[in-house]
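All values reported here derive from a predicted model rather than from experimental measurement. Below, chain A is the first sequence line, B the second, and so on; all start at residue 1.
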Amino acid sequence: MDPRYDHKIVEPKIYKAWESSGFFNPDRLPTHYQLQPKNFTIVMPPPNANGRLHAGHALAMTVEDIMVRFRRMQGYKALWIPGADHAGFETQIVYEKKLEKEGRSRFQMKPDELFKEIMAFTLENKKHMEADVRSLGASCDWSREKFTLDTDVVKEVQRTFKKMFDDGLVYRGKRIVNWCIKHQTSLSDVETENVEEISRLYYFKYGPFTIATARPETKFADKYVVMHPDDEKYKAWNHGDKIEVEWINGPIQATVIKDPVIDPAFGTGAMTITPWHSQVDFELAEKYKLDIEQIIDWRGKLLPVANEFADTKISEAREKIVEKLKNKGLLVKVDDKYSHVVKRCYKCNTAIEPQVKDQWFVKMKPLAELAIKTVEDGKIKFIPENYEKIFLYWMRNTTDWNISRQIVWGIKIPAKICVKCGDGFADLENALRACVKCGLTGQVGELKEDTDTFDTWFSSGQWPLLALGYPAGADFKNFYPTNVMETGHDLIFKWIPRMVIFGLYLAKQVPFHTVYLHGLVNDAQGKKMSKSKGNVVSPIELADKYGTDALRMSLVVGNTPGTDLPLLEDKIRGYRNFSTKVWNIARFVLTGYRESSVSPAFTDEDKANDAGLAETKKIVTDYLEAYDLNQASSTIYHYVWHTFADKIIEAYKPRLAATENTADRAAAQATLMNILRGSLKMLHPFMPFVTEEIWSLMPGMKNQLIIEEW
RNA sequence: GCGCCCAUAGCUCAGUGGUAGAGCGUUCGAUUCACAUUCGAAAGGCUGCAGGUUCGAUCCCUGCUGGGCGCACCA
């Protein structure tokens, strides 16, 4: 054996050997595995095809690989399906930046051309992502790899839409959406960030009232003034009263609305509403069937209703409008320390402009109820447990889900929209020619194709089904429901609920029995890694420096699910030393190894040490079965280093020093070999490379360690 | 405002109803030995604060203080 373990040479060699042996594919496992009736399945959360893996992926790959390798060695038909995510909005933004650099813009391109370009770009980059997954030692079945824009995936996602449309679970509706004026698309709530801001709160005279607003630029068409029904200050007015008001662009007639959503203690207790650009206002408008009018266009500029301010950006218009109101004597006061929360685009940080738009929505209530019941019945186990509470809390407070996106890089919504009445219809076969709804009233509604694409989570929510070939695929029959969904705890809202819902809705069964949520990997200071902060550490570079095994150990030892962890280089170095230790243990045991014809005479010490190994294995197995990777890995680590190396080997040195092949020497040697074998097996899921390499150097080993019996 | 989590060694974090552990760091010693090092030893903790349950609480409960995160809002 080489005096030093060189991971740079060994790792690629070993991974290649695993791939060519075919054991990542459960169908190609040796015979005794085929007899094992139990499956173990994990569907990999597909990494973005466009990017390299980050530290969070490294943790995910490590955790999932440990689970899969453990079960494979136990004799399960272990299936881990890799995937690649087209990552809709994310990727389109990356590509738009590229276009920007080249002096182009997506708004000057034909949608299908843009789509083709992004596809080529994505498929080209996908190789790098896959290489990263391999370098982390992931024992996933590449022959089953799925891309989220594979033809069958696209077709099935569209079929789901049709089914939901037929079942009345999706509807076309005018609703407030989160509109990003930069990206020219609506965003779901999880794609926006709430940022606390200090702004000015302006108080204006509005007829007999004083109203407060942070957004004077939206107020041109405000013609409803709202107050709480029980507010003593305003008891002189009744719901529906008409009043004459001198307003920004002259006198208008306003209507009094009384509604309990108003907080009498905020501002003056009276406000005017702008239903097109505010969620609450929109809801009021719906409730009382009020007129709604768009004030700000899709690019964030004022519309002609603003008269002389038309075509001005809202940020520029604000102070000018305040100035005008001040000159008209309508400005009462300004509070410049008003703290409130503003929604921003999670990608470009642009302030979200609430807009009313015709979009497709998923009716969440009945689906959420399905999910709640299933989880309450204990059909899905959360690790750590408290995430069940978070899941339920979110599911109980969910609102309808806007699934329309105005970007090309995604799965097209197979629908037709009526030009006349604005209603929409699912249309998979491109068969609809005229509006059904208008047809009922004897009119002809011309239809146009919906050019929008699905929110990425609409398709990724179906991923466990799609990756297994739902509904007709053999894998779906054999491997659904999967055992574990392992992903970051930040996806407890974004992804997990949608997968549960689609699983229950489409397959009538949970998509997975266990949800394992790992923490987020931060930098050494515990700060979130981000490109803008420049503190991103590549797991691939660290693995290159210290070995993948060392990186993997550092990510699981002392780390608990659900808790964020810092990526500490010192810690990785510590486990690099451990892999060196393992290598040297093997060197010591194997280089002194001599074939012996003498039958060994085992001592009490030997028996005690064999028993110690068995006991350790039992403990580790129990931990692994409970998905406690921290305890499992810590236990092995201490056993191998501080029991096997420090105590047992030291104690056996005199017995091995015998020059003759005595029965005692044979016993000592056999015992050490047995403990080495057992240790390598236990370590293999955690440190697959160094253990497999040592295993190949052991005398009389026919199989790869990856398929050795646990 | 609502919800969730955390508080343990210098740092980063585990853990358990029976007066606490790891990695890194620190100190001392050993090392021609399988060891890009390793081995042996040591120092270091009123387990955030105050109550309660218990024979016994770091662990379970309540409150408080201090942090983190998520959600939702009021113009």
When you compare the protein's N or O atoms with those of nucleotides 9-16 of chain B, which come within less than 3.5 Å of each other, and at what distance?
residue: rC13(B); atom: O2'; partner: Gly558(A); partner atom: O; Å: 2.6
residue: rA14(B); atom: OP1; partner: Thr560(A); partner atom: OG1; Å: 2.6
residue: rA14(B); atom: O3'; partner: Asn630(A); partner atom: ND2; Å: 3.4
residue: rA14(B); atom: O2'; partner: Asn630(A); partner atom: ND2; Å: 2.7

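- Picking from rA34(B), rC2(B), rC39(B) the nucleotide with the shortest atom distance to the side chain of Phe588(A) gives rA34(B).
- For the residue pair Thr274(A) and Asp222(A), a side-chain donor N or O sits within less than 3.5 Å of a side-chain acceptor on the partner.
- In terms of phosphate contacts, Lys389(A) brings no side-chain nitrogen or oxygen within less than 4.0 Å of OP1 or OP2 of rG70(B).
- Between the side chains of Asp259(A) and His239(A), no donor-acceptor pair is found at a separation under 3.5 Å.
- For rU38(B), the OP1/OP2 oxygens have a side-chain nitrogen or oxygen of Asn577(A) closer than 4.0 Å.
- A salt bridge links Arg318(A) to Glu217(A): one of the charged nitrogens lies within less than 4.0 Å of a carboxylate oxygen.
- Comparing atom distances between the Glu650(A) side chain and each of rC24(B), rA34(B), rC73(B) picks out rA34(B) as nearest.
- Spacing between atom CG of Leu491(A) and atom C1' of rG70(B) amounts to 13 Å, rounded to whole angstrom units.
- Using a 4.0 Å heavy-atom distance criterion, Arg576(A) is classed as a sugar-phosphate-only contact.
- With sequence neighbours left out, Lys328(A) forms a salt bridge (Lys or Arg N to Asp or Glu O under 4.0 Å) with Glu246(A).
- The nucleotide whose nearest atom lies closest to any side-chain atom of Phe493(A) is, among rC5(B), rA22(B), rC71(B), rC71(B).
- One can place NZ of Lys494(A) at 12 Å from C1' of rC71(B), the figure rounded to the nearest angstrom.
- Of the N and O atoms on the side chains of Tyr652(A) and Asn609(A), at least one donor lies less than 3.5 Å from an acceptor on the other residue.
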